[in-house]
Peer 1: 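Have a look at this one.
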2 protein chains.
Amino acid sequence: MVSYTEENYLKAIFKLSEKNKEEISTNAIAESLAVKAGSVTDMLKKLAEKGLIHYTPYSGVELTGQGRQTAVKIVRKHRLWEVFLVEKLGFRWDQVHPMAEELEHIDFDELIERLDVFLGNPKFDPHGDPIPDEKGEFQPSESIRLSEADTGQRLQMIGLENHTTAFLQYLDKKELALGSRIAIVEVAPFDKSLTITIDGDRQVHISHEVAKNILVAVKES
Amino acid sequence: MVSYTEENYLKAIFKLSEKNKEEISTNAIAESLAVKAGSVTDMLKKLAEKGLIHYTPYSGVELTGQGRQTAVKIVRKHRLWEVFLVEKLGFRWDQVHPMAEELEHIDFDELIERLDVFLGNPKFDPHGDPIPDEKGEFQPSESIRLSEADTGQRLQMIGLENHTTAFLQYLDKKELALGSRIAIVEVAPFDKSLTITIDGDRQVHISHEVAKNILVAVKES
DNA sequence: TCTAAATTTTAGGCTTATCTAAATTATTAT
DNA sequence: ATAATAATTTAGATAAGCCTAAAATTTAGA
Ligand SMILES: [Mn+2]
Ligand SMILES: [Mn+2]
Ligand SMILES: [Mn+2]
Ligand SMILES: [Mn+2]
């Protein structure tokens, strides 16, 4: 059995592994779970004991196959529940994370699969993040940061690199949503801020910082 | 804050209080939660400390207003989730209890209220049990045990006194569902077993034990 | 290379929730 | 009324997760 707390550690390690290619540090885990480093060390020993991670003191940590499988299943549940909360219950995308953080720990295979069917087998959650399938496979998708795109390209907003409430609400205010068609009109050389058009008409100005956190697909033209 | 475990204790005390009018014994709580009596005593002290129960050593326990309120909210969540699982995800009534047992602990007011709306403000769960409203009020409903009804009365099955999987599956086999119209044809004097008709046509034979666990409303005729 | 700083682990404690076994209190039956 | 039985509480342990502070190790700087 994997406890609620162990699940949160595994998911945190998985998410950190996705970003940083290297091995994951004790401090990084501590920060992402808001616990102290000493608590992390305790837990790493336990997870290693259970065969969920490879752990060598002082040299970081890595998920085993079984650990990754467990983590991905939690991510699957988290994202499916987020779709449910937004699509069926009408929550906004900036409201659902704390609820999904709890719902993700409810573990009944048939519940997950029925929920998946009920939602129409969604491939992405309300934040554009991919939902792994029952086998733990992620649908590969090609995206670049808006800050790395060129003027003249036809772009579509498909994901985010930042999931904070503040950022989500900022995007709402600018009426930038997943699926929006974006074209870069101009990049200011001084601060790299962008002038863009959204869905062909509205023209909006955003900072380089914001553009770095928006993922876009480049459409054939 | 009320912990997951404390919530289960409060709900257990509430359910026992509904059945037995008297004060609730340590042993009864221990049995219903499958823990030992000594563990219960520990928890009772803690709940009393928090003002959730009235507790006098050796003389039983009773919920305070605040304790009852907490318990009823958990019951509300449990039953709403059961409706979701049956109505939206297509589970059978004998499958949903363990899942609801976990879902009931997820505590976000807006989630409960939106779920309630999504489900169409149901008043009863899939087992015929009433769903308390946001204020903790139960809709009063008048029912008697089928074993106490008379020949010739027009009856409708509206609830159960036994929620075990075995009993639910037995009712399925007999095609006895909530809402079924029942009339008692004959009661055998020897073992009090009943011959009944279901929805006017099908004739079925059930034991007194089964009849005791079926709740019916007596319809005006 | 050698020392200072940063990171990580260890040691010792605390809290919650559980258990078993012993002690206490209440109930029941003669 | 008393003794046996049943119910309840207390005492002493354990396990999971967390903390702080000290010790150990690694990394980085001069
Ligand atoms: Mn979580
Ligand atoms: Mn998400
Ligand atoms: Mn529960
Ligand atoms: Mn029910």
Side-chain angles (χ1 to χ4, degrees), chain A residues 1-13 16-17 19-63 67 70-71 74 101-102 104-107, chain B residues 1-13 16-17 19-63 67 70-71 74 101-102 104-107:
Chain A
M1 268 303 80
V2 182
S3 75
Y4 180 100
T5 309
E6 288 166 346
E7 289 188 347
N8 281 335
Y9 273 87
L10 291 174
K11 194 180 66 163
I13 295 165
L16 290 166
S17 308
K19 302 261 160 176
N20 322 298
K21 300 284 168 183
E22 324 114 44
E23 290 208 314
I24 301 312
S25 76
T26 300
N27 268 353
I29 299 167
E31 195 194 356
S32 89
L33 291 173
V35 298
K36 295 300 154 74
S39 307
V40 173
T41 303
D42 284 349
M43 182 58 88
L44 294 183
K45 286 189 216 159
K46 204 164 25 135
L47 292 174
E49 193 81 20
K50 290 193 176 187
L52 296 163
I53 60 173
H54 295 300
Y55 170 57
T56 329
Y58 292 106
S59 83
V61 77
E62 210 182 6
L63 293 174
T70 306
I74 297 162
E101 201 57 47
E102 306 282 319
E104 70 187 1
H105 300 288
I106 292 180
D107 199 33
Chain B
M1 268 302 82
V2 181
S3 75
Y4 180 99
T5 309
E6 287 167 347
E7 289 188 349
N8 281 335
Y9 273 87
L10 291 173
K11 194 180 67 162
I13 295 165
L16 289 166
S17 307
K19 301 260 162 179
N20 322 299
K21 301 285 171 184
E22 324 114 44
E23 291 208 315
I24 302 312
S25 76
T26 299
N27 267 353
I29 298 168
E31 194 194 356
S32 87
L33 292 174
V35 297
K36 296 300 155 71
S39 308
V40 173
T41 303
D42 284 349
M43 181 58 88
L44 294 183
K45 288 189 216 158
K46 201 161 31 131
L47 293 174
E49 194 80 20
K50 290 194 176 187
L52 296 164
I53 60 172
H54 295 299
Y55 171 56
T56 328
Y58 291 105
S59 83
V61 75
E62 206 181 10
L63 293 173
T70 305
I74 297 161
E101 201 57 47
E102 306 282 320
E104 70 187 1
H105 300 288
I106 291 179
D107 199 32

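Basis for what follows: all heavy atoms, side chains included, without hydrogens, waters or symmetry-related copies. Order of the sequence lines sets the chain letters (A, B, ...), proteins ahead of strands, with each chain counted from 1.
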Peer 1: Check every strand shown and say whether A:Tyr4 touches a base, only sugar-phosphate, or nothing at a heavy-atom separation below 4.0 Å.
Peer 2: nothing
Peer 1: Which atom pairs, donor and acceptor, lie under 3.5 Å between side-chain atoms of residues 3-10 of chain A and protein residues at least two apart or in another chain?
Peer 2:
from	atom 1	to	atom 2	distance (Å)
A:Ser3	OG	A:Thr5	N	3.4
A:Ser3	OG	A:Glu6	N	3.1
A:Tyr4	OH	A:Glu102	OE1	3.4
A:Tyr4	OH	A:Glu102	OE2	3.2
A:Glu6	OE1	A:Ser3	N	2.8
A:Glu6	OE1	A:Lys50	NZ	3.0
A:Glu6	OE2	A:Lys50	NZ	3.0
A:Glu7	OE1	A:His105	ND1	2.6
A:Asn8	OD1	A:His105	NE2	3.0

Peer 1: Does A:Ser17 reach the main-chain N or O of A:Ile13 with its side chain, forming a donor-acceptor pair under 3.5 Å?
Peer 2: yes
Peer 1: For A:Ile53 and A:Leu63, which heavy atoms make the closest approach, and how far apart are they?
Peer 2: CG2-CD2, 3.9 Å
Peer 1: Donor-acceptor pairs under 3.5 angstrom involving side-chain atoms of residues 25-32 of chain A: please list them, not counting sequence neighbours.
Peer 2:
from	atom 1	to	atom 2	distance (Å)
A:Ser25	OG	A:Ala28	N	3.0
A:Ser32	OG	A:Ile29	O	3.4

Peer 1: Mind checking the OG1-CG spacing from B:Thr70 to B:Leu47? Nearest 0.5 Å is all I need.
Peer 2: 10.0 Å
Peer 1: In chain order, what residues pass the salt bridge (charged side-chain N to carboxylate O under 4.0 Å, His left out) check against A:Asp42, with sequence neighbours excluded?
Peer 2: none
Peer 1: Would you compute the distance between atom NZ of B:Lys11 and atom CG of B:Leu33 and round it to the nearest 0.5 angstrom?
Peer 2: 9.0 Å
Peer 1: Just to confirm, is there a sub-4.0 Å distance from OP1 or OP2 of D:dT20 to any side-chain nitrogen or oxygen of A:Lys36?
Peer 2: yes
Peer 1: C:dT18 phosphate, OP1 or OP2: any side-chain N/O from B:Tyr9 under 4.0 angstrom?
Peer 2: yes
Peer 1: In dot-bracket form, 5' to 3', how is DNA chain D paired? Count Watson-Crick and G-U wobble pairs only if both distances fall under 3.5 Å, and write | where the partner sits on another strand.
Peer 2: ||||||||||||||||||||||||||||||
Peer 1: In whole Å, I'd like the distance from the CD atom of A:Glu31 to the C1' atom of C:dT7.
Peer 2: 14 Å
Peer 1: Give the B/S/- string for nucleotides 7-14 of chain D, one per nucleotide from 5' to 3', where a protein heavy atom under 4.0 Å of the base yields B, of only the sugar-phosphate yields S, and otherwise -.
Peer 2: SBBB----
Peer 1: Of the nucleotides C:dT18, D:dC18, C:dC19, which has the atom closest to the A:Met43 side chain?
Peer 2: D:dC18
Peer 1: Report the residues that fulfil salt bridge (charged side-chain N to carboxylate O under 4.0 Å, His left out) with B:Glu23, sequence neighbours left out, ordered by chain and then residue number.
Peer 2: none
Peer 1: Please report, rounded to the nearest Å, how far the C1' atom of C:dT18 is from the CG atom of B:Asn8.
Peer 2: 14 Å
